[in-house]
Amino acid sequence: MTREVIKSVGIDIGTSTTKLIMSELTLGRVSSHFALPHFEIIDRQVTYESDIISTPLKSEDEIHLQSLINWLQREYNRMGVSLPDIKSGAVIITGETAIKKNADAILHYLAERSGDFVVAIAGASLEGVLAGRGSGAYERSKTQRGVVANVDIGGGTANVVLFQQGKVLETITFHVGGRLVEISSEGEILAVSPSLRPWLDYKGISLKNGMSLSLEQFREVSKQLCHDMLGCLAGKTSIAALQCLVHSSSCETLPEIHEVVISGGVGRLTHELPPARLPEVAIYNDIGPLLASELMEALKRYPFHVAAAAQTTRATVIGAGMQSTKISGATISIQPDQLPLRNIPVVKVQVSQSGQEKQLELEFLKGKELYADHDSLPFAISLGGLPYMPYQQLKELACIFGTLYTRLFPSASVLVVICENDMAKALGQLLRLYSVSAIDVICIDQIVIDHGDYIDIGEPLHDTMVPVVVKTLAFS
(Lines give C-alpha, C1' and ligand atoms only; values in the text may rest on other atoms or scores of the structure.)
Protein backbone atom coordinates (compact mmCIF):
# COMPACT_ATOMS: atom_id res chain seq x y z
CA MET A 1 0.00 0.00 0.00
CA THR A 2 1.40 3.41 -0.97
CA ARG A 3 -1.76 5.46 -0.38
CA GLU A 4 -5.08 5.11 1.39
CA VAL A 5 -7.91 7.56 2.05
CA ILE A 6 -9.76 7.48 5.37
CA LYS A 7 -12.85 9.45 6.38
CA SER A 8 -12.59 11.74 9.41
CA VAL A 9 -15.32 13.68 11.20
CA GLY A 10 -15.13 16.81 13.32
CA ILE A 11 -18.01 17.82 15.60
CA ASP A 12 -17.90 21.09 17.54
CA ILE A 13 -20.55 21.71 20.21
CA GLY A 14 -20.06 25.35 21.17
CA THR A 15 -21.69 27.93 23.41
CA SER A 16 -23.84 29.35 20.62
CA THR A 17 -23.59 26.95 17.72
CA THR A 18 -22.93 23.33 16.77
CA LYS A 19 -21.47 22.18 13.49
CA LEU A 20 -19.91 19.18 11.74
CA ILE A 21 -17.45 18.60 8.92
CA MET A 22 -16.40 15.49 7.04
CA SER A 23 -12.84 15.22 5.74
CA GLU A 24 -10.84 12.78 3.68
CA LEU A 25 -7.32 12.18 4.98
CA THR A 26 -4.86 10.67 2.51
CA LEU A 27 -2.21 8.41 4.03
CA GLY A 28 0.97 8.10 2.01
CA ARG A 29 4.40 6.58 2.40
CA VAL A 30 6.97 9.30 3.07
CA SER A 31 10.02 7.05 3.51
CA SER A 32 12.15 5.67 0.68
CA HIS A 33 11.81 2.06 -0.42
CA PHE A 34 15.23 1.40 1.12
CA ALA A 35 14.06 2.41 4.61
CA LEU A 36 11.46 1.16 7.05
CA PRO A 37 7.93 2.10 5.90
CA HIS A 38 6.79 5.39 7.39
CA PHE A 39 3.29 6.66 6.61
CA GLU A 40 1.90 10.10 7.29
CA ILE A 41 -1.21 12.07 6.42
CA ILE A 42 -0.09 13.83 3.23
CA ASP A 43 -3.36 15.50 2.22
CA ARG A 44 -6.53 16.72 3.92
CA GLN A 45 -9.70 17.71 2.10
CA VAL A 46 -13.02 18.87 3.57
CA THR A 47 -15.74 16.98 1.70
CA TYR A 48 -18.85 18.02 3.66
CA GLU A 49 -19.86 20.95 5.86
CA SER A 50 -23.08 20.81 7.85
CA ASP A 51 -25.38 23.73 8.41
CA ILE A 52 -24.55 25.61 11.60
CA ILE A 53 -27.28 25.05 14.18
CA SER A 54 -27.96 26.64 17.56
CA THR A 55 -26.58 24.40 20.32
CA PRO A 56 -29.66 22.66 21.81
CA LEU A 57 -30.11 23.17 25.55
CA LYS A 58 -32.54 21.38 27.83
CA SER A 59 -32.15 24.05 30.49
CA GLU A 60 -29.73 26.83 31.37
CA ASP A 61 -27.14 24.33 32.64
CA GLU A 62 -27.89 21.18 30.62
CA ILE A 63 -27.34 20.14 26.99
CA HIS A 64 -30.23 18.43 25.18
CA LEU A 65 -28.71 15.06 24.30
CA GLN A 66 -31.57 13.65 22.22
CA SER A 67 -31.63 16.74 19.99
CA LEU A 68 -27.89 16.32 19.33
CA ILE A 69 -28.32 12.61 18.54
CA ASN A 70 -31.18 13.35 16.11
CA TRP A 71 -29.13 16.08 14.42
CA LEU A 72 -26.07 13.82 14.11
CA GLN A 73 -28.14 11.03 12.58
CA ARG A 74 -29.66 13.43 10.02
CA GLU A 75 -26.20 14.67 9.04
CA TYR A 76 -24.82 11.15 8.62
CA ASN A 77 -27.85 10.26 6.48
CA ARG A 78 -27.20 13.35 4.33
CA MET A 79 -23.58 12.34 3.85
CA GLY A 80 -24.56 8.77 3.05
CA VAL A 81 -22.11 7.26 5.54
CA SER A 82 -22.44 4.78 8.39
CA LEU A 83 -20.41 4.59 11.60
CA PRO A 84 -17.90 1.95 10.36
CA ASP A 85 -17.02 4.30 7.44
CA ILE A 86 -15.58 6.88 9.86
CA LYS A 87 -12.03 5.95 10.83
CA SER A 88 -10.89 9.04 12.75
CA GLY A 89 -11.95 12.42 14.08
CA ALA A 90 -12.95 14.25 17.23
CA VAL A 91 -15.96 15.54 19.12
CA ILE A 92 -15.09 18.69 21.02
CA ILE A 93 -17.23 20.64 23.48
CA THR A 94 -16.16 24.26 23.61
CA GLY A 95 -16.72 27.54 25.41
CA GLU A 96 -19.44 27.81 28.04
CA THR A 97 -20.98 24.52 26.88
CA ALA A 98 -18.02 22.65 28.39
CA ILE A 99 -19.20 23.55 31.91
CA LYS A 100 -22.77 22.29 31.49
CA LYS A 101 -23.52 19.58 34.04
CA ASN A 102 -23.90 16.76 31.48
CA ALA A 103 -21.12 17.95 29.12
CA ASP A 104 -18.60 15.21 29.86
CA ALA A 105 -21.13 12.39 29.52
CA ILE A 106 -22.42 13.79 26.23
CA LEU A 107 -18.89 14.27 24.91
CA HIS A 108 -18.01 10.61 25.31
CA TYR A 109 -21.47 9.35 24.32
CA LEU A 110 -21.28 11.16 20.98
CA ALA A 111 -17.66 10.20 20.37
CA GLU A 112 -18.47 6.51 20.77
CA ARG A 113 -21.42 6.86 18.37
CA SER A 114 -19.72 8.92 15.69
CA GLY A 115 -17.41 6.32 14.12
CA ASP A 116 -14.88 3.56 14.71
CA PHE A 117 -12.25 5.90 16.17
CA VAL A 118 -13.66 9.27 17.04
CA VAL A 119 -12.27 10.73 20.25
CA ALA A 120 -13.72 13.07 22.86
CA ILE A 121 -11.79 16.27 23.50
CA ALA A 122 -12.50 19.07 25.95
CA GLY A 123 -10.46 21.96 27.29
CA ALA A 124 -10.39 25.57 26.24
CA SER A 125 -6.71 25.70 25.34
CA LEU A 126 -6.70 22.52 23.30
CA GLU A 127 -9.70 24.00 21.52
CA GLY A 128 -7.54 27.06 20.82
CA VAL A 129 -4.79 24.92 19.27
CA LEU A 130 -7.29 23.16 17.01
CA ALA A 131 -8.86 26.46 15.97
CA GLY A 132 -5.41 27.86 15.17
CA ARG A 133 -4.77 24.92 12.90
CA GLY A 134 -8.15 25.18 11.25
CA SER A 135 -7.93 28.96 10.72
CA GLY A 136 -4.61 28.84 8.87
CA ALA A 137 -2.60 30.59 11.63
CA TYR A 138 -0.49 27.47 12.17
CA GLU A 139 0.51 27.35 8.49
CA ARG A 140 1.17 31.11 8.44
CA SER A 141 3.55 30.76 11.38
CA LYS A 142 5.78 28.50 9.28
CA THR A 143 6.50 31.37 6.87
CA GLN A 144 6.58 34.29 9.33
CA ARG A 145 9.59 35.35 11.37
CA GLY A 146 7.70 36.35 14.50
CA VAL A 147 4.95 34.92 16.69
CA VAL A 148 1.52 34.40 15.13
CA ALA A 149 -1.45 34.41 17.53
CA ASN A 150 -4.81 32.94 16.60
CA VAL A 151 -7.66 34.53 18.57
CA ASP A 152 -10.72 32.32 18.27
CA ILE A 153 -13.74 34.13 19.73
CA GLY A 154 -17.03 32.32 20.03
CA GLY A 155 -20.05 32.66 22.23
CA GLY A 156 -18.37 32.01 25.58
CA THR A 157 -14.59 32.27 25.34
CA ALA A 158 -11.72 33.73 23.35
CA ASN A 159 -9.14 30.97 22.93
CA VAL A 160 -5.69 32.21 21.97
CA VAL A 161 -2.78 30.09 20.77
CA LEU A 162 0.68 31.43 19.95
CA PHE A 163 2.57 29.71 17.14
CA GLN A 164 6.16 30.18 16.02
CA GLN A 165 7.56 28.29 13.05
CA GLY A 166 4.83 25.67 13.28
CA LYS A 167 5.19 25.05 17.02
CA VAL A 168 2.83 25.89 19.87
CA LEU A 169 4.50 28.35 22.24
CA GLU A 170 1.72 29.22 24.70
CA THR A 171 -2.04 29.33 25.07
CA ILE A 172 -4.34 31.67 26.97
CA THR A 173 -8.13 31.77 27.19
CA PHE A 174 -10.27 34.78 28.12
CA HIS A 175 -13.87 35.13 29.27
CA VAL A 176 -14.66 37.11 26.14
CA GLY A 177 -17.52 36.03 23.87
CA GLY A 178 -20.63 37.27 22.17
CA ARG A 179 -23.05 35.10 24.16
CA LEU A 180 -21.84 36.24 27.58
CA VAL A 181 -24.44 39.01 27.47
CA GLU A 182 -27.80 38.12 25.93
CA ILE A 183 -30.06 41.00 24.92
CA SER A 184 -33.36 41.78 23.22
CA SER A 185 -33.80 44.03 20.18
CA GLU A 186 -34.98 46.78 22.56
CA GLY A 187 -31.75 46.63 24.58
CA GLU A 188 -33.09 44.66 27.53
CA ILE A 189 -30.56 42.35 29.19
CA LEU A 190 -31.92 38.81 29.10
CA ALA A 191 -28.97 37.02 30.72
CA VAL A 192 -25.40 37.67 31.88
CA SER A 193 -23.00 34.72 32.14
CA PRO A 194 -21.62 34.05 35.66
CA SER A 195 -18.13 33.78 34.14
CA LEU A 196 -18.24 37.47 33.19
CA ARG A 197 -19.30 38.65 36.66
CA PRO A 198 -15.79 38.93 38.19
CA TRP A 199 -14.63 41.21 35.35
CA LEU A 200 -17.79 43.33 35.56
CA ASP A 201 -17.23 43.78 39.31
CA TYR A 202 -13.57 44.63 38.71
CA LYS A 203 -14.57 47.31 36.19
CA GLY A 204 -17.44 48.60 38.31
CA ILE A 205 -19.98 47.83 35.58
CA SER A 206 -23.53 46.93 36.59
CA LEU A 207 -25.30 44.53 34.22
CA LYS A 208 -28.39 42.77 35.52
CA ASN A 209 -31.24 40.83 33.98
CA GLY A 210 -34.10 43.14 33.06
CA MET A 211 -31.94 46.26 32.76
CA SER A 212 -32.20 48.24 29.51
CA LEU A 213 -29.07 49.84 28.04
CA SER A 214 -28.51 52.10 25.07
CA LEU A 215 -26.42 51.20 22.05
CA GLU A 216 -23.58 53.38 23.35
CA GLN A 217 -23.62 51.71 26.75
CA PHE A 218 -23.36 48.24 25.18
CA ARG A 219 -20.64 49.59 22.89
CA GLU A 220 -18.64 50.81 25.89
CA VAL A 221 -18.81 47.39 27.61
CA SER A 222 -17.66 45.68 24.39
CA LYS A 223 -14.88 48.21 23.90
CA GLN A 224 -13.51 47.68 27.42
CA LEU A 225 -13.63 43.88 27.01
CA CYS A 226 -11.63 44.09 23.78
CA HIS A 227 -9.05 46.55 25.15
CA ASP A 228 -8.44 44.50 28.29
CA MET A 229 -7.92 41.32 26.27
CA LEU A 230 -5.67 42.98 23.67
CA GLY A 231 -3.76 44.86 26.37
CA CYS A 232 -2.93 41.52 27.99
CA LEU A 233 -1.85 40.03 24.65
CA ALA A 234 0.34 43.07 23.98
CA GLY A 235 1.98 42.87 27.41
CA LYS A 236 0.52 46.18 28.62
CA THR A 237 -1.39 44.38 31.38
CA SER A 238 0.00 41.32 33.16
CA ILE A 239 -1.89 38.04 33.17
CA ALA A 240 -1.85 38.10 36.98
CA ALA A 241 -3.49 41.55 37.06
CA LEU A 242 -6.29 40.38 34.77
CA GLN A 243 -7.21 37.11 36.46
CA CYS A 244 -10.86 38.18 36.49
CA LEU A 245 -10.91 37.95 32.68
CA VAL A 246 -8.43 35.09 32.17
CA HIS A 247 -10.00 31.64 32.10
CA SER A 248 -6.68 29.76 31.90
CA SER A 249 -3.10 30.29 30.74
CA SER A 250 -0.10 28.07 30.10
CA CYS A 251 2.36 30.76 31.25
CA GLU A 252 2.78 33.84 33.43
CA THR A 253 4.18 36.06 30.67
CA LEU A 254 3.39 35.94 26.95
CA PRO A 255 6.09 36.37 24.31
CA GLU A 256 5.86 39.32 21.93
CA ILE A 257 3.17 38.81 19.29
CA HIS A 258 3.76 40.08 15.75
CA GLU A 259 0.65 38.95 13.90
CA VAL A 260 -2.90 38.00 14.86
CA VAL A 261 -5.56 35.99 13.06
CA ILE A 262 -9.18 36.31 14.24
CA SER A 263 -11.43 33.25 13.92
CA GLY A 264 -14.62 31.91 15.51
CA GLY A 265 -18.18 33.16 15.24
CA VAL A 266 -17.17 36.66 16.31
CA GLY A 267 -14.32 36.46 13.79
CA ARG A 268 -16.87 35.93 11.03
CA LEU A 269 -18.83 38.96 12.23
CA THR A 270 -15.76 41.20 11.86
CA HIS A 271 -16.43 41.05 8.10
CA GLU A 272 -19.93 42.51 8.55
CA LEU A 273 -20.83 46.22 8.71
CA PRO A 274 -20.75 47.61 12.28
CA PRO A 275 -24.26 47.59 13.83
CA ALA A 276 -25.83 51.06 13.85
CA ARG A 277 -28.99 50.28 15.83
CA LEU A 278 -29.90 48.00 18.73
CA PRO A 279 -31.93 45.56 16.56
CA GLU A 280 -28.78 45.07 14.42
CA VAL A 281 -26.74 44.34 17.54
CA ALA A 282 -29.32 41.86 18.85
CA ILE A 283 -29.78 39.92 15.61
CA TYR A 284 -28.53 36.80 17.46
CA ASN A 285 -29.92 38.01 20.82
CA ASP A 286 -26.42 38.75 22.12
CA ILE A 287 -23.63 41.33 21.84
CA GLY A 288 -21.60 39.34 19.27
CA PRO A 289 -21.90 41.84 16.36
CA LEU A 290 -20.93 44.75 18.60
CA LEU A 291 -18.01 42.82 20.08
CA ALA A 292 -16.74 42.08 16.57
CA SER A 293 -16.85 45.71 15.40
CA GLU A 294 -15.23 47.02 18.60
CA LEU A 295 -12.49 44.40 18.31
CA MET A 296 -11.52 45.63 14.84
CA GLU A 297 -11.50 49.24 16.08
CA ALA A 298 -9.40 48.31 19.12
CA LEU A 299 -6.85 46.41 17.01
CA LYS A 300 -5.94 49.68 15.25
CA ARG A 301 -4.35 50.86 18.52
CA TYR A 302 -2.06 47.85 18.92
CA PRO A 303 1.15 46.93 17.07
CA PHE A 304 -0.24 43.70 15.62
CA HIS A 305 -0.42 42.95 11.95
CA VAL A 306 -3.90 41.49 11.35
CA ALA A 307 -3.99 38.63 8.85
CA ALA A 308 -7.14 37.16 7.32
CA ALA A 309 -8.31 33.76 8.58
CA ALA A 310 -8.75 30.97 6.06
CA GLN A 311 -11.71 29.82 8.19
CA THR A 312 -13.63 31.67 10.89
CA THR A 313 -16.79 30.01 12.26
CA ARG A 314 -15.65 26.50 11.24
CA ALA A 315 -11.99 26.87 12.31
CA THR A 316 -12.31 24.70 15.42
CA VAL A 317 -14.38 21.96 13.83
CA ILE A 318 -11.98 21.77 10.87
CA GLY A 319 -9.05 21.55 13.28
CA ALA A 320 -10.80 18.79 15.23
CA GLY A 321 -11.70 16.77 12.15
CA MET A 322 -8.58 17.27 10.06
CA GLN A 323 -5.65 18.02 12.37
CA SER A 324 -6.12 15.79 15.41
CA THR A 325 -5.04 12.43 13.93
CA LYS A 326 -1.50 11.06 13.57
CA ILE A 327 -0.36 7.71 12.23
CA SER A 328 1.84 5.16 14.00
CA GLY A 329 3.48 2.31 12.05
CA ALA A 330 4.72 0.24 10.42
CA THR A 331 7.00 -1.37 13.03
CA ILE A 332 4.34 -1.56 15.72
CA SER A 333 3.34 -4.36 18.07
CA ILE A 334 -0.36 -4.37 18.97
CA GLN A 335 -3.21 -6.45 20.35
CA PRO A 336 -6.08 -5.60 17.94
CA ASP A 337 -8.77 -6.89 20.30
CA GLN A 338 -7.71 -4.25 22.89
CA LEU A 339 -8.24 -1.35 20.49
CA PRO A 340 -9.48 1.32 20.45
CA LEU A 341 -8.14 2.76 23.72
CA ARG A 342 -9.17 6.24 24.79
CA ASN A 343 -8.02 8.87 27.27
CA ILE A 344 -4.85 7.16 28.48
CA PRO A 345 -2.66 9.46 30.62
CA VAL A 346 1.04 9.50 29.70
CA VAL A 347 4.16 9.26 31.86
CA LYS A 348 7.29 10.22 29.94
CA VAL A 349 10.55 8.57 31.01
CA GLN A 350 14.11 9.24 29.92
CA VAL A 351 16.13 6.03 29.80
CA SER A 352 19.81 6.33 30.75
CA GLN A 353 22.53 3.74 30.50
CA SER A 354 23.11 3.52 34.27
CA GLY A 355 20.69 3.07 37.14
CA GLN A 356 17.85 2.20 34.79
CA GLU A 357 15.81 0.13 37.22
CA LYS A 358 15.79 2.66 40.06
CA GLN A 359 15.10 5.54 37.66
CA LEU A 360 12.20 3.73 36.01
CA GLU A 361 10.73 2.68 39.36
CA LEU A 362 10.67 6.32 40.52
CA GLU A 363 8.93 7.36 37.28
CA PHE A 364 6.37 4.56 37.58
CA LEU A 365 5.63 5.47 41.21
CA LYS A 366 5.16 9.10 40.18
CA GLY A 367 2.64 7.95 37.59
CA LYS A 368 0.93 5.75 40.15
CA GLU A 369 0.49 8.75 42.44
CA LEU A 370 -0.97 10.88 39.64
CA TYR A 371 -3.22 8.29 38.00
CA ALA A 372 -4.19 5.92 40.81
CA ASP A 373 -7.76 5.47 39.56
CA HIS A 374 -6.86 3.51 36.42
CA ASP A 375 -6.38 -0.09 37.58
CA SER A 376 -6.47 -2.04 34.33
CA LEU A 377 -4.38 0.53 32.44
CA PRO A 378 -2.86 3.11 34.82
CA PHE A 379 -0.99 5.06 32.14
CA ALA A 380 0.99 4.81 28.93
CA ILE A 381 4.77 5.01 29.06
CA SER A 382 6.49 7.33 26.60
CA LEU A 383 10.16 6.67 25.94
CA GLY A 384 11.73 10.02 25.12
CA GLY A 385 14.98 10.47 23.22
CA LEU A 386 15.81 6.77 23.26
CA PRO A 387 18.73 6.17 20.84
CA TYR A 388 19.23 3.07 18.74
CA MET A 389 19.86 0.15 21.10
CA PRO A 390 21.55 -3.18 20.32
CA TYR A 391 19.28 -6.19 20.80
CA GLN A 392 20.93 -7.18 24.08
CA GLN A 393 20.32 -3.72 25.61
CA LEU A 394 16.75 -3.70 24.36
CA LYS A 395 16.24 -7.10 25.99
CA GLU A 396 17.57 -5.80 29.32
CA LEU A 397 15.28 -2.77 29.14
CA ALA A 398 12.25 -4.97 28.38
CA CYS A 399 13.10 -7.25 31.31
CA ILE A 400 13.24 -4.28 33.73
CA PHE A 401 10.03 -2.81 32.26
CA GLY A 402 8.08 -6.05 32.45
CA THR A 403 9.21 -6.91 36.00
CA LEU A 404 8.55 -3.42 37.40
CA TYR A 405 5.18 -2.95 35.70
CA THR A 406 3.72 -6.26 36.83
CA ARG A 407 5.03 -5.75 40.39
CA LEU A 408 3.79 -2.18 40.80
CA PHE A 409 0.50 -2.66 38.89
CA PRO A 410 -0.68 -6.21 39.59
CA SER A 411 -4.23 -5.41 38.43
CA ALA A 412 -3.10 -4.02 35.07
CA SER A 413 -4.21 -5.99 32.03
CA VAL A 414 -2.57 -3.81 29.37
CA LEU A 415 0.86 -2.20 29.02
CA VAL A 416 1.09 0.65 26.50
CA VAL A 417 4.51 1.92 25.44
CA ILE A 418 5.09 4.81 23.01
CA CYS A 419 8.44 5.17 21.24
CA GLU A 420 9.63 8.12 19.19
CA ASN A 421 11.89 5.95 17.02
CA ASP A 422 11.24 2.82 14.92
CA MET A 423 11.66 0.12 17.55
CA ALA A 424 8.17 -0.75 18.73
CA LYS A 425 7.87 -4.18 17.13
CA ALA A 426 11.06 -5.57 18.68
CA LEU A 427 10.42 -3.92 22.05
CA GLY A 428 6.79 -5.07 22.13
CA GLN A 429 7.75 -8.69 21.45
CA LEU A 430 10.38 -8.58 24.18
CA LEU A 431 7.96 -7.00 26.67
CA ARG A 432 5.52 -9.87 26.14
CA LEU A 433 8.36 -12.29 26.69
CA TYR A 434 9.59 -10.69 29.91
CA SER A 435 6.29 -9.67 31.55
CA VAL A 436 5.77 -11.82 34.64
CA SER A 437 2.00 -12.11 34.21
CA ALA A 438 -0.10 -12.67 31.11
CA ILE A 439 -0.47 -9.04 30.05
CA ASP A 440 -1.42 -7.53 26.72
CA VAL A 441 1.28 -5.27 25.28
CA ILE A 442 0.68 -2.44 22.83
CA CYS A 443 3.85 -0.78 21.61
CA ILE A 444 3.69 1.98 18.98
CA ASP A 445 6.27 4.34 17.53
CA GLN A 446 6.85 7.50 15.46
CA ILE A 447 4.79 9.46 18.02
CA VAL A 448 6.23 12.35 20.06
CA ILE A 449 4.34 12.91 23.30
CA ASP A 450 4.97 14.60 26.64
CA HIS A 451 4.37 13.91 30.31
CA GLY A 452 0.86 15.03 31.22
CA ASP A 453 -0.58 14.45 27.74
CA TYR A 454 -3.35 11.96 27.05
CA ILE A 455 -3.44 9.59 24.09
CA ASP A 456 -6.10 7.72 22.11
CA ILE A 457 -5.14 4.72 19.96
CA GLY A 458 -7.56 3.57 17.27
CA GLU A 459 -8.25 0.27 15.57
CA PRO A 460 -5.56 -0.85 13.09
CA LEU A 461 -5.61 0.32 9.47
CA HIS A 462 -4.64 -2.85 7.60
CA ASP A 463 -2.35 -4.54 10.14
CA THR A 464 0.56 -2.15 10.00
CA MET A 465 -0.76 1.22 11.22
CA VAL A 466 -2.98 2.70 13.90
CA PRO A 467 -4.52 6.19 14.07
CA VAL A 468 -3.44 8.12 17.16
CA VAL A 469 -4.67 11.35 18.79
CA VAL A 470 -2.38 13.13 21.23
CA LYS A 471 -4.32 15.44 23.54
CA THR A 472 -2.08 18.03 25.11
CA LEU A 473 -4.24 18.77 28.12
CA ALA A 474 -1.32 20.57 29.77
CA PHE A 475 -2.66 23.59 27.86
CA SER A 476 -6.17 23.26 29.30
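Values below: every heavy atom of this structure, side chains too, minus hydrogens, waters and symmetry copies.
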I'd like to know if the side chain of Ser50 and the backbone of Leu20 have a donor-acceptor N/O pair within less than 3.5 Å.
yes
Donor-acceptor pair, side chain of Ser8 and main chain of Ser23, under 3.5 angstrom
no
Taking atom NZ as the centre, does Lys142 end up with more than 12 heavy-atom neighbours from other residues, nucleotides or ligands that are less than 6.0 angstrom away?
yes
Applying ring-ring contact (aromatic ring centres under 6.0 Å, His included), which residue pairs with at least one partner in residues 170-198 are found, sequence neighbours left out?
His175-His247
Hey, could you give me the CG/SG distance between Asp201 and Cys244, rounded to the nearest 0.5 Å?
9.0 Å
If we ignore hydrogens and angles and just use 3.5 Å, is the side chain of Thr47 paired with the main-chain N or O of Met22 as donor and acceptor?
yes
Has the side chain of Ser250 got a donor or acceptor atom that lies under 3.5 Å from a matching backbone atom of Thr171?
yes
Might you confirm whether atom CD of Gln66 has over 12 heavy atoms from other residues, nucleotides or ligands at distances under 6.0 Å?
yes
So, do Phe218 and Ile189 sit near enough that their side-chain heavy atoms are less than 4.5 Å apart?
yes
Hey, does the side chain of Glu272 reach the backbone of Leu269 with a donor-acceptor pair shorter than 3.5 angstrom?
no
Does the side chain of Gln224 pick up a donor-acceptor pair with the side chain of Asp228 at under 3.5 Å?
no
According to side-chain hydrogen bond (donor to acceptor under 3.5 Å, both in side chains), who are the partners of Tyr202, at least two apart in sequence or on a separate chain?
none
Are the side chain of Asn285 and the backbone of Ser184 linked by a donor-acceptor contact shorter than 3.5 Å?
no
Would Lys236 pass as a cation-pi partner of Tyr302, given that its NZ or CZ must be under 6.0 Å from the six-membered ring centre and within 45 degrees of the axis?
yes
If I take atom CG from residue Leu341 and atom CD1 from residue Ile442, how far apart are they, to the nearest 0.5 angstrom?
4.5 Å
When you look at CD of Glu297, are more than 12 heavy atoms from neighbouring residues, nucleotides or ligands closer to it than 6.0 Å?
no
Using only atom types and a distance under 3.5 Å, with no angle test, would you say the side chain of Ser141 pairs donor to acceptor with the backbone of Gly166?
yes
Examine distances only and state if a side-chain atom of Thr55 and a backbone atom of Thr17 form a donor-acceptor pair shorter than 3.5 Å.
yes
Is the closest side-chain heavy-atom distance between Ile239 and Glu252 below 4.5 Å?
no
For residues Lys208 and Ser206, is any side-chain donor paired with an opposing acceptor at under 3.5 Å?
no
Does Glu280 use its side chain to pair, donor to acceptor, with the backbone of Ala276 at less than 3.5 Å?
yes
Is the closest side-chain donor-acceptor distance between Ser82 and Asp85 under 3.5 Å?
yes
Is there side-chain contact between Ile21 and Asp12, with at least one heavy-atom pair below 4.5 Å?
no
Across all chains, not counting sequence neighbours, the side chain to side chain contact (heavy atoms under 4.5 Å, CB included) partners of Glu259 are Arg140, Gln144, Val148, His305, Ala307
Hey, what do you get for CG (Leu291) to CE (Met229), rounding to the nearest 0.5 Å?
7.0 Å
